[in-house]
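Naming convention: chains lettered A, B, ... in sequence-line order (proteins, then strands); numbering from 1 in each chain.
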There are 2 protein chains.
Amino acid sequence: MRRDVFQAIADPTRRAIIALIALQAMTPNAIAEHFDTSRQAVSKHLQILVECQLAKQEQQGREIFYQLDVAKMKEIDKWLEQFRKIWEDRFNQLDTIFSNIKQNKP
Amino acid sequence: MRRDVFQAIADPTRRAIIALIALQAMTPNAIAEHFDTSRQAVSKHLQILVECQLAKQEQQGREIFYQLDVAKMKEIDKWLEQFRKIWEDRFNQLDTIFSNIKQNKP
DNA sequence: TAATTACGCAACCGAACGATTGCGCGTATA
DNA sequence: TATACGCGCAATCGTTCGGTTGCGTAATTA
């Protein structure tokens with residue numbers, strides 16, 4: 001079973017859940033009301049998010065509040081870092097090319 | 001068939017391919033040499049990457065060179081933006097929200 | 001105390017995924 | 001011109017995914 005951050009954000013419903021619990025802690029029932037799926041389906045998504053540490057759970061009586069663990073989101077950001085460097089370099093290269101064209105340098 | 005950027009980067013092999021073709025354009029055979037899978041498997045991955053515009057292909061004789069389309073990577077970055085705001089601005093407030101829930105403060 | 005509520009867990013099902021194998025087609029090379 | 005090469009496409013197969021349904025359990029409420 002693959003359970004990493006990238007697999008977790010692959011599902012659109014899961015991304016929507018992430019957006020919800022990013023703002024405030026919510027219970028599975030409260031979350032499920034925002035979708036056309038059952039509570040159990042949402043619970044499964046939450047379980048996956050907890051499993052790869054994208055969400056924290058906090059029990060309160062018979063309710064369980066889920067909230068996004070922002071720290072883990074940085075892992076995606078960290079992975080993007082290598083490409084961010086490239087797409088900035090590419091832009092710089094384009095600039096230099098353009099500059100060279102302007103200055104008639106090959 | 002789900003075919004968006006997030007689904008594309010979900011697979012670890014595909015992420016490795018992305019890292020390869022980010023540096024330079026490569027042929028399917030050349031890419032496949034870096035992995036334990038067949039050329040056809042790599043070709044399938046490349047097809048998915050092209051499909052969601054994460055890669056461009058450039059035919060040259062009987063060879064086809066694939067290279068990363070950095071622009072599309074920004075889509076992920078754009079999605080991360082909303083959470084980046086949270087983890088930078090509200091990092092400390094998140095704990096307060098949790099505490100308030102415990103104490104039944106809205 | 002009995003009924004209700006909130007939830008996780010397990011079984012199950014159809015669809016999608018990732019990989020392999022076996023082609024056919026165009027391009028290079030002898 | 002015959003052969004080898006690079007590639008995409010289609011069929012196939014086992015596995016995983018996302019969903020539903022049906023429970024069991026613990027906490028609340030009547």
Side-chain angles (χ1 to χ4, degrees), chain A residues 1-21 24-69, chain B residues 1-21 24-69 98 101-104 106:
Chain A
M1 230 175 247
R2 277 191 289 107
R3 282 293 142 85
D4 57 26
V5 191
F6 298 98
Q7 210 270 337
I9 64 166
D11 185 72
T13 307
R14 220 138 51 210
R15 284 201 301 280
I17 292 177
I18 287 175
L20 276 177
I21 64 174
Q24 58 177 327
M26 293 178 75
T27 66
N29 263 328
I31 296 170
E33 282 174 7
H34 289 76
F35 303 99
D36 285 338
T37 65
S38 64
R39 173 190 57 83
Q40 282 89 339
V42 171
S43 240
K44 268 192 172 185
H45 284 305
L46 288 170
Q47 197 178 332
I48 292 173
L49 294 179
V50 168
E51 203 173 318
C52 58
Q53 300 175 323
L54 266 175
K56 293 175 184 172
Q57 39 185 336
E58 186 103 2
Q59 185 119 18
Q60 192 177 336
R62 64 180 167 182
E63 291 176 318
I64 302 179
F65 287 85
Y66 289 84
Q67 186 159 25
L68 184 70
D69 187 353
Chain B
M1 231 175 245
R2 277 189 290 107
R3 283 292 143 88
D4 57 24
V5 191
F6 297 99
Q7 210 271 336
I9 64 166
D11 184 71
T13 306
R14 220 138 50 209
R15 284 201 301 279
I17 292 177
I18 288 176
L20 276 178
I21 64 174
Q24 58 178 326
M26 294 178 75
T27 65
N29 263 328
I31 296 170
E33 283 174 8
H34 288 76
F35 303 100
D36 284 338
T37 64
S38 64
R39 173 190 58 83
Q40 281 90 339
V42 171
S43 239
K44 267 193 172 184
H45 285 304
L46 288 170
Q47 196 178 333
I48 291 173
L49 293 179
V50 168
E51 203 172 318
C52 58
Q53 301 175 323
L54 267 175
K56 293 175 184 172
Q57 40 186 337
E58 184 109 1
Q59 185 120 17
Q60 196 174 331
R62 65 180 166 181
E63 291 176 317
I64 302 179
F65 287 84
Y66 290 83
Q67 185 160 24
L68 184 70
D69 188 352
F98 253 119
I101 288 168
K102 283 183 190 172
Q103 299 159 25
N104 286 330

In Å, rounded to the nearest 0.5 Å, how long is the span from CD1 of B:Ile64 to CG of B:Asn29? 11.0 Å
Distance check needed: C:dT27 P versus B:Asn29 CG, whole Å only. 17 Å
Residues of residues 55-65 of chain B with any non-hydrogen atom less than 4.0 angstrom from an atom of DNA chain C: list those, numerically ordered, please. B:Gly61, B:Arg62
Mind checking what makes side chain to side chain contact (heavy atoms under 4.5 Å, CB included) contact with A:Leu20, not counting sequence neighbours? A:Met26, A:Ile31, A:His34, A:Phe35
Find the distance B:Ile31:CD1 to D:dG8:C1' and express it as a whole number of Å. 14 Å
I'd like to check the salt bridge (Lys or Arg N to Asp or Glu O under 4.0 Å) partners of B:Arg15; sequence neighbours left out, ordered by chain and number. A:Asp4
To the nearest Å, give me how far apart CD (A:Glu51) and P (D:dG18) are. 12 Å
If you round to the nearest 0.5 Å, how far is CD1 of B:Ile9 from CD1 of A:Ile9? 4.5 Å
Set of side chain to side chain contact (heavy atoms under 4.5 Å, CB included) partners for B:Ala25, sequence neighbours left out: B:Phe65, B:Gln67
Provide, to the nearest angstrom, the distance between the CD atom belonging to B:Gln47 and the C1' atom belonging to C:dT20. 16 Å
Distance check needed: D:dC17 C1' versus B:Arg3 CZ, whole Å only. 14 Å
Within residues 34-44 of chain A, which residues have any heavy atom lying less than 4.0 Å from an atom of DNA chain D? A:Thr37, A:Ser38, A:Gln40, A:Ala41, A:Lys44
OP1 or OP2 of C:dT5 versus the side-chain N and O atoms of A:Thr27: is any pair under 4.0 Å? no
Global bending angle along the helix from C:dT1-D:dA30 to C:dA30-D:dT1, which compares the axes of five pairs at either end, to 10 degrees: 10°
Any A:Tyr66 side-chain nitrogen or oxygen under 4.0 Å from OP1 or OP2 of C:dG8: yes
To the nearest Å, how far apart are B:Leu49 CG and C:dC17 C1'? 15 Å
Please state how far atom CD1 in B:Ile9 lies from atom P in C:dG18, giving the value in whole angstrom units. 13 Å
Quick one: A:Leu46 CG to C:dC9 P, roughly how many Å, whole number? 12 Å
Identify all side-chain donor-acceptor contacts of residues 39-49 of chain B below 3.5 Å with residues at least two apart in sequence or on another chain.
residue	atom	partner	partner atom	Å
B:His45	ND1	B:Arg14	NH1	3.2

Rounded distance [0.5 Å steps], CD1 in A:Ile18 versus OG1 in A:Thr13: 11.0 Å
What is the distance from atom NZ of B:Lys56 to atom CD of B:Glu58, rounded to the nearest 0.5 Å? 9.0 Å
Look at the side-chain N and O atoms of B:His45 and state whether any lies under 4.0 Å from the OP1 or OP2 oxygen of C:dA19. yes
Who passes side chain to side chain contact (heavy atoms under 4.5 Å, CB included) against A:Gln53, sequence neighbours left out? A:Lys72
